[in-house]
Structure formats: C-alpha cells, structure tokens
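A quick write-up on the structure given underneath.
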Amino acid sequence: MSAVSSRLPVFPWDKLEPYKATAAAHPDGIVDLSVGTPVDPVPDLIQRALVSAANSPGYPTVWGTPQLRDALTGWAERRLGARDVVHANVLPVVGSKELVAWLPTQLGLGAGDRVAYPRLAYPTYEVGARLCGAEPVSYEDPTELDPAGLKLLWLNSPSNPTGRVLDKAELTRIVAWAREHGVLLFSDECYLELGWEAEPVSVLHPDVCGGSYEGVVAVHSLSKRSNLAGYRAAFLVGDAAVLGELLQIRKHGGMMTPAPVQAATVAALGDDTHVAEQRARYAARRTALRAALEGHGFRIEHSEASLYLWATRDEPCWETVARLAQLGVLVAPGDFYGPAGDRFVRVALTATDERVEAAVKRLG
C-alpha cells in the first residue's frame, strides 16, 4: 500500500487546517468559501423519489435501470444538444470524483502511458494518472502536446478552479486533434449548467463532435446543479465502445449506484425548475462576493462560469489565504490546482446567504 500512496501528492486540504482554525476563531464565526460543497437543501421532489425507492433490498445494476438510462439519454439530447443518444452511450457512475480518480486504471493505462490535463486543474486528474503508474502531463493548449504515448486527454470546461469556458471553436479544434492522433478525450462538464458570462457547450454538441461520439466522452454530475453531492450521482455520455468496456470492468468491480439514488437521479434530470432556482441563488451570491472582493483590492480573472471566483491581489496565494483568515474568511490557495495558480485564490459561492453577507461585510 505504501508503494501506491507514495506516488501521490500530499492531500492538499490538510495544509489548509491551520488557516481554518484562524478563521474559526473570528468572533462571528468562520465563513468557509474554500470547498465547493453545496449547502442548500436537496429539492423536495428528489427527496421524495429517494424515499419512494428506499425499499430496495436487491442489488442494483451497474448500468442502472432502464428508467435511469432513459433519463440520461433524454437529458443529454435536451440539455446538451446531443443527437441520437441511446442506452449504449450512457453509464451511471458513483460520483464524478471516483470516475476521475480510477478512469486511467480502468482503461488499462500504466507505465509508459501519458495522461494530460489543464495546467490549472482539479488535482484528481493528476492523482488518477499516478494511481496507475502513468505519467501526468499538464498543458496550456492540448494541441501543442506531443501525442506519442498520450492515451487520455482531460478537458474541463467550465474550469475548476478558474471558471474559464472553452468556446465551440476551441472545442471543435481540440476534438479534431485528439481524433487525428488517436487520443481518447474525456471532457469534465460538471459545471456546464452554471454559465454566467458565457454559455458553456458540450463536446457532444454536433457542431463540436460532428454528430459522432467516436473517441469522446462527457462527464456530468448532479452534485452542483441539484445539491446532490451527498448522493454521489454522476454519469458518462459518449463513445459506446469506451463505455461498454468500462461497463464490463465496473460490473466486476461492483461499482453500482444505489437503487434509491438512481430513482432520485431520474427525478432530478426530469425537472428544470429546481435547477433555475439554485442558479438564481448562486448568481446572487456571486454578484455580492465579486463586488466585495473587487472593493477589497482583488482582480477577478475568467470566472465566467462555475461555482468559483478566481481572484488575485498579485501576491503569493498563501499570503492572501492568511490575510482573509484573519477576517474569518477561508478560501482555497491557487497552488492547490497547479503551480500556475500560486498568486490566486479560489473563492467558492457555496455558502449560505447569511454567511455570504457576513463575508461581504468583513471585506468591506
């Protein structure tokens, strides 16, 4: 076990604990804007669906119920603009982080293979490569990578942490490059329904993929759009050959979404009202926090989508973290997401209205 864990970086959030203690000592309590975990209630219709399916004594299937697969294909066509999506093009997973971490292993990658991801990125892309012994490679523009040995290319739009959105032309160019060089492309689109100053586009849109899903898979999650982080509900849409292989592997591994969560997912994907209501909450918090940060001397870069503000005072990120912790506000240092983030902090919108108001007052 130590041989595997020694491949991995230090779990970044452990380094934030002293600053969390400082922020928690504030007389009015901590405002934790460091982790993007939902704080608003799970919508009632989703809770009802979960409870209605609570009497599920048998094993669920890895591929999910036909009702779940119908919900996934229907949502992909309705929301992503994908065409002719059938059951073979979808696969439920047990939360998207599990998928990101174990995908290279499940694809059979190892020593001599390379896995690429953005230079500012969710740390689990690198972790997934290291778990299987592959070489992690970061990029500014993936089409400038040497394709030799490159087996998996991660895109992330909207980006965590920066909120940057890749437009249709960029996505089209990257998909064409990946296909030309035989590189499997996975696009993490978990924040796609949270565009603010840009309208995020899926790699599955026919203008991007040409109506073919060959070599392309999109990753989606209900954690953010439906406040379901605690349910571990996510899914893949795309290349049927790739998903068919993953399905066989995951059957052997028993990687099953619980039956009540499958039922809850069907309810969540069938309702747009709760998504619009949650978007409105985040939009209001984003407006308030952005104004307060800019008034406090921060510059916001990108951040046109997702649940974060990518902010800088043009100083080392840990100095910013320490400064805000003294105000009782905890944020994530940008170097958690790569060396290129060492003068930025990531500020999450996932705090209650009352806590956001407290942060705004302290920044003022």
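In this text, all values refer to a predicted model and were calculated from it rather than measured experimentally. In this chain, numbering begins with 1 at the start of the sequence shown.
- Salt bridge annotation for Glu315-Arg323: present, with a cationic side-chain nitrogen under 4.0 angstrom from a carboxylate oxygen.
- Residues Leu153 and Ile174 meet the side-chain proximity criterion, which asks for heavy atoms closer than 4.5 Å.
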Could you give me the CA-CA distance, side-chain angles and deciding distance for Arg250 and Leu91, then say whether side-chain contact (heavy atoms from CB on, under 4.5 Å) is met?
CA-CA 10 Å; Arg250 293 171 69 84; Leu91 179 65; 4.0 Å; yes
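- Contact annotation: the side chain of Val94 never approaches that of Met256 to less than 4.5 Å [non-hydrogen atoms, C-beta and beyond].
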Just do the side chain to side chain donor-acceptor pair (under 3.5 Å) check on Thr257 and Gln262 with the steps written out, would you?
CA-CA 6 Å; Thr257 303; Gln262 293 188 29; 5.2 Å; no
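- A cation-pi arrangement is found for Arg69 relative to Trp63, the charged atom lying closer than 6.0 Å to the ring centre and inside a 45° cone about the ring normal.
- The backbone N or O of Ile300 sits nowhere less than 3.5 Å from a side-chain atom of Ser303 that would complete a donor-acceptor pair.
- The closest donor-acceptor contact from the side chain of Glu77 to the backbone of Asp84 lies under 3.5 Å.
- Of the inter-residue distances, the one linking Glu140 atom CD with Leu120 atom CG reads 8.0 Å to the nearest 0.5 angstrom.
- Partner of Leu171 under the side-chain contact (heavy atoms from CB on, under 4.5 Å) criterion, out of Leu204, Leu166, Asp207: Leu166 alone.
- Aromatic ring pairs are classed by plane angle as parallel below 30°, tilted from 30° to 60° and perpendicular above 60°; the pair Trp318 and Tyr19 is tilted.
- The backbone N or O of Pro41 lies less than 3.5 Å from a partner atom in the side chain of Asn227, making a donor-acceptor pair.
- When hydrophobic clusters are built by joining Ile, Leu, Val, Met, Phe, Trp and Tyr residues whose side-chain heavy atoms come closer than 4.5 Å, directly or via intermediates, Leu228 is not grouped with Tyr282.
- Counting heavy atoms from C-beta on, the side chains of Leu324 and Leu330 never come closer than 4.5 Å.
- Judged by distance alone, with hydrogens and angles left aside, the side-chain atoms of Asn89 form a donor-acceptor pair with the main-chain N or O of Val86 at under 3.5 Å.
- Residues Tyr117 and Tyr122 place their aromatic rings such that the two centres sit no closer than 6.0 Å.
- A salt bridge links Glu193 with Arg79; the closest basic N to acidic carboxylate O contact falls under 4.0 Å.
- Residues Trp196 and Glu304 form no side-chain contact, since every pair of their non-hydrogen atoms from C-beta on lies 4.5 Å or further apart.
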Assess whether side-chain contact (heavy atoms from CB on, under 4.5 Å) is satisfied between Leu194 and Arg225, documenting all intermediate values.
CA-CA 8 Å; Leu194 294 166; Arg225 73 184 291 281; 5.9 Å; no
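- A donor-acceptor pair under 3.5 Å is formed between the side chain of Asp239 and the backbone N or O of Gly215.
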Is there a side-chain contact (heavy atoms from CB on, under 4.5 Å) between Val115 and Lys151 once you walk through the steps?
CA-CA 6 Å; Val115 175; Lys151 297 298 178 64; 5.9 Å; no
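- Here Asp40 pairs with Arg285 in a salt bridge; the nearest charged N to carboxylate O distance falls below 4.0 Å.
- Between Asp28 and Lys361 there is no salt bridge, since no side-chain nitrogen of the basic residue lies less than 4.0 Å from a carboxylate oxygen of the acidic one.
- Side chain of Arg299 to backbone of Glu294: no donor-acceptor contact under 3.5 angstrom is found.
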Mind running side-chain contact (heavy atoms from CB on, under 4.5 Å) on Leu107 and Leu246 for me, showing each step along the way?
CA-CA 7 Å; Leu107 291 173; Leu246 289 176; 4.2 Å; yes
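- Taking CG from Leu45 and CG from Asp271, the interatomic distance works out to 5.0 Å, rounded to the nearest 0.5 Å.
- Judged by distance alone, the side chain of Arg114 and the main-chain N or O of Gly149 form no donor-acceptor pair under 3.5 Å.
- A salt bridge is defined here as a Lys NZ or Arg NE, NH1 or NH2 lying under 4.0 Å from an Asp or Glu carboxylate O, and Asp335 with Arg346 fails to meet this definition.
- Under 4.0 Å is where a charged nitrogen must lie from a carboxylate oxygen, and between Arg355 and Glu357 no such pair does.
- For the pair His26 and Arg362, the minimum side-chain heavy-atom distance is below 4.5 Å.
- Closest approach of Ala229 to Pro38, counting heavy atoms only: CB-CD, 3.7 Å.
- Put simply, Leu184 and Phe235 are part of two different groups of oily side chains (I, L, V, M, F, W, Y) that touch within less than 4.5 Å, one to the next.
- Separating the SG atom in Cys190 from the NZ atom in Lys97 is a distance of 12.5 Å, to the nearest 0.5 Å.
- Trp154 and Val93 fall within the same hydrophobic cluster, where Ile, Leu, Val, Met, Phe, Trp and Tyr residues are linked whenever their side-chain heavy atoms come under 4.5 Å apart, directly or through other members.
- With a 6.0 Å radius and a threshold of 12 heavy atoms from other residues, nucleotides or ligands, Glu214 has its CD atom at or below the threshold.
- Ala359 approaches Leu33 most closely through the heavy-atom pair CB-CD1, 4.4 Å.
- Under the 30°/60° scheme for interplanar angles, the aromatic rings of Trp13 and Phe336 are found to stand perpendicular.
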Evaluate salt bridge (Lys or Arg N to Asp or Glu O under 4.0 Å) for Arg290 paired with Glu197, printing each intermediate quantity in order.
CA-CA 13 Å; Arg290 179 167 194 152; Glu197 296 160 4; 3.3 Å; yes
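- The main-chain N or O of Gly195 is found under 3.5 Å from a side-chain atom of Arg279 such that the two form a donor-acceptor pair.
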Show, in sequence, the C-alpha distance, side-chain angles and deciding distance for His274 and Ser226, and conclude whether the side chain to side chain donor-acceptor pair (under 3.5 Å) test is met.
CA-CA 7 Å; His274 78 277; Ser226 299; 2.8 Å; yes
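- Clustering ILVMFWY residues whenever any of their side-chain heavy atoms sit less than 4.5 angstrom apart, transitively, puts Val203 in the very cluster that holds Val183.
- Residues Trp75 and Val85 fall within the same hydrophobic cluster, defined by Ile, Leu, Val, Met, Phe, Trp and Tyr side chains chained together at heavy-atom separations under 4.5 Å.
- Note that OG1 of Thr73 and CG of Leu68 are 9.5 Å apart. Values are rounded to the nearest 0.5 Å.
- Between Arg119 and Asp141 there is no salt bridge, since no side-chain N of the basic residue sits under 4.0 Å from a carboxylate O of the acidic one.
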Take Asn160 and Tyr337, measure what side chain to side chain donor-acceptor pair (under 3.5 Å) needs, and give me the verdict at the end.
CA-CA 8 Å; Asn160 173 15; Tyr337 309 96; 4.9 Å; no
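- Ring orientation note: the planes of Trp177 and His181 are tilted relative to one another, at an angle of 30° to 60°.
- Not a single donor-acceptor pair under 3.5 Å links the side chain of Thr320 to the backbone N or O of Pro333.
- Closest of all the heavy-atom pairs between Cys132 and Thr105 is CB-OG1, 3.3 Å.
- With Arg232 contributing its side chain and Val261 its backbone, the two residues share no donor-acceptor pair below 3.5 Å.
- The CZ atom of Arg130 lies 4.5 Å from the CD atom of Glu126; values are rounded to the nearest 0.5 Å.
- The shortest distance between side-chain heavy atoms of His87 and Leu243 does not fall below 4.5 Å.
- Under the 4.0 Å criterion applied to side-chain N and carboxylate O atoms, Glu170 and Arg164 are assigned as salt-bridge partners.
- Distance OH/Tyr191 to CG/Asn156: 8.0 Å, rounded to 0.5 Å.
- Remark: Arg83 CZ is loosely packed, at most 12 non-hydrogen atoms of other residues, nucleotides or ligands lying under 6.0 Å away.
- The side-chain heavy atoms of Leu222 and Leu269, taken from C-beta on, include a pair separated by under 4.5 Å.
- At a threshold of 4.5 Å between non-hydrogen side-chain atoms, the residues Arg343 and Cys317 do not count as touching.
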